[in-house]
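Before any comments, here is the structure.
Just so you know, ligand 1 is whichever comes first in the structure, and atom 1 is the first atom listed for that ligand.
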Amino acid sequence: MAKVYKIAVIKGDGIGPEIVDEAIKVLDALASVYDFDFRYNELLMGGNAYDITGDPLPQETIDGCKEADAILFGAIGGEKWDNLPREKRPESGLLRLRSELDLYANYRPVKVYDELIEASTLKKEVVEGVDLLVMRELTGGIYFGQPREKGENKAFNTMVYSKEEVVRIAKEGFEAAMRRDKRVCSVDKANVLEVSQFWREIVEEVAEAYPEVTLSHMYVDNAAMQLVRNPKQFDVILTGNIFGDILSDEASMISGSIGLLPSASVGGRVGLYEPIHGSAPDIAGQGIANPIATIASAAMMLRFSFGEESAADRIEQAIEQVLREGYRTRDIADYGAKEICSTTEIGSYIAEYVSKI
Ligand code: NAD
């Protein structure tokens, strides 16, 4: 009998619908190979949700996500909604959803595809073989801290972490390291911020339960520099919300395009899977967005939420094969392209290989 998986689908704004459609195409191809029955429930979030309902995160979306086994998400945001009050902006919908679902651990793996080694702005010898994971705390820190205020002459935010919040993300980081190269580099700003000194102390405490894992600490400014100087030195980078946001975008360029990297946000019962990039309004509707990050996010969903390791591997192998054969979207077209493809063409090739491999 087919295994049933309920997937909440949030396409979002900008290129969101284009890239999520391709991930669904690939999942459907996989379903026939593995006898999966994916049941999709499309929900609104972001600017489009605000336009229709007046709320970037309607209650129906929260309820639909809570009923699902996992959430597949594209991206949200765009200039049209930039001047709305903060709580009406698309981003606040996503922040609220992460918080509602307790998605405190954000996995952002960075891996370099051999076929695209030249696509990185860094030298080949620097990026070859890079395989690191940014483990970002996602529901605390300065993005959520109270008090916060924007006044006429002054504005402020608060960076706050409780012991419980640091313990749980640190455990996630150490557990991930145990499945990898057993090295954790905790990134903070402990030379200036009390909240970072606290973070460091708690991470040290959690480390005691993982004697096999080597723990090091690095200030975030140095980490930003080390990531482009010698990214191979890192295995798991464990860090807070804002530092992780910035470092993971920086790390994405190691791989050559922001359109390649997936992410998983977990912690609560239902995980959320999304590309690390935004809604790319500059290229929306042109059929040129790279759907690989979203398709790779669907693979992470299969692995993390459904425990379907071999199906996840199959998608990742299909992506690699498509790149090996020289099919490229425009963002990576300068590197070994045999054929420049549209968003839907790349999705179709990957779906085809998923069925064939
Ligand atoms: P962005 O990631 O959307 O785009 C940055 C650059 O990368 C653009 O030149 C874009 O064309 C390119 N790019 C991004 N994804 C691509 C893909 N799949 N294929 C090819 N090229 C791609 O970042 P931005 O321009 O700073 O933000 C645009 C909007 O997205 C803003 O409203 C922002 O708030 C929002 N945003 C949303 C999320 C999210 O939904 N999780 C994350 C970041 C930014």
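For the atom pair E308 CD and Y5 OH, the distance stands at 3.5 Å (nearest 0.5 Å). From T158, atom OG1 reaches atom CZ of F144 across 14.0 Å, with rounding to the nearest 0.5 Å. Separating the CG atom in N48 from the NZ atom in K11 is a distance of 11.0 Å, to the nearest 0.5 Å. A distance of 7.5 Å separates NE2 of H217 from CG of D188, quoted to the nearest 0.5 Å. We find the CD1-CD1 distance between I295 and I24 to be 11.0 Å, quoted to the nearest 0.5 Å.
By the criterion of a heavy-atom distance under 4.0 Å, neither the backbone nor the side chain of W81 is placed next to ligand 1. With a heavy-atom cut-off of 4.0 Å, P281 touches ligand 1 through its side chain alone. Contacts of I15 with ligand 1, taken as heavy-atom pairs under 4.0 Å, involve the side chain alone. Contacts with ligand 1 closer than 4.0 Å are made by no heavy atom of T329, backbone or side chain. Proximity of E91 to ligand 1, defined as any heavy-atom pair under 4.0 Å, is confined to the side chain (atoms from C-beta onward).
Heavy-atom contacts of A75 reach the following atoms of ligand 1: 40 (O) (cutoff under 4.0 Å). Near A289, meaning under 4.0 Å from one of its heavy atoms, ligand 1 places the atoms 19 (N). Every atom of ligand 1 is numbered from 1 in the order shown, and the set under 4.0 Å from a heavy atom of G77 is 32 (O). If you number the atoms of ligand 1 from 1 as listed, the ones under 4.0 Å from a heavy atom of G78 come out as 32 (O).
Scanning the protein heavy atoms around atom 41 (N) of ligand 1, the nearest turns out to be E274 OE1, 3.1 Å. For atom 29 (C) of ligand 1, the nearest non-hydrogen atom of the protein is S279 OG, 3.3 Å. At the shortest separation from atom 3 (O) of ligand 1 among protein heavy atoms lies A280 N, 2.8 Å. The nearest protein atom to atom 42 (C) of ligand 1, hydrogens excluded, is given as G278 CA, 3.6 Å; this is a heavy-atom distance. The closest protein non-hydrogen atom to atom 15 (N) of ligand 1 is H277 CG, 3.1 Å. For atom 9 (O) of ligand 1, the nearest non-hydrogen atom of the protein is D282 OD2, 3.0 Å. Counting only heavy atoms of the protein, atom 21 (N) of ligand 1 lies nearest to I283 CD1, 3.6 Å. Of all protein heavy atoms, the one lying nearest to atom 12 (C) of ligand 1 is I258 CG2, 4.2 Å.
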- Quick one: do F198 and Y161 satisfy ring pair (Phe, Tyr, Trp, His ring centres under 6.0 Å)? Show the steps, please. CA-CA 8 Å; F198 177 78; Y161 271 115; 8.6 Å; no

- Task: Given ring pair (Phe, Tyr, Trp, His ring centres under 6.0 Å), test F36 with F306 step by step and report yes or no.
- Result: CA-CA 11 Å; F36 294 151; F306 307 156; 7.9 Å; no

- Going through the checks in order, is the salt bridge (charged side-chain N to carboxylate O under 4.0 Å, His left out) test met by R324 and D114? CA-CA 9 Å; R324 211 163 26 244; D114 287 343; over 6 Å; no

- List the steps and the verdict of salt bridge (charged side-chain N to carboxylate O under 4.0 Å, His left out) for D35 and K3. CA-CA 7 Å; D35 200 18; K3 283 194 213 165; over 6 Å; no

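Looking at K6 and N41, their side chains never come closer than 4.5 Å, going by heavy atoms from C-beta outward.
Test K111, R303, Q321 against E316 for side-chain contact (heavy atoms from CB on, under 4.5 Å) and you get one pass: R303. Applying the side-chain contact (heavy atoms from CB on, under 4.5 Å) test between V184 and each of L133, V206, L238 identifies L238 as the sole match.
Side-chain contact, E325 with Y349: no donor N or O sits under 3.5 Å from an acceptor N or O.
Polar contact with ligand 1: absent for G259 (N/O pair, distance under 3.5 Å).
Remark: among candidates I76, T294, N290, the nearest residue to atom 37 (C) of ligand 1 is I76, based on non-hydrogen atoms.
Taking a distance limit of 4.0 Å, we find that atom 24 (P) of ligand 1 is approached by no protein heavy atom. Within a 4.0 Å radius of atom 5 (C) of ligand 1, the protein has no heavy atom.
Not a single heavy atom of A293 sits less than 4.0 Å from an atom of ligand 1.
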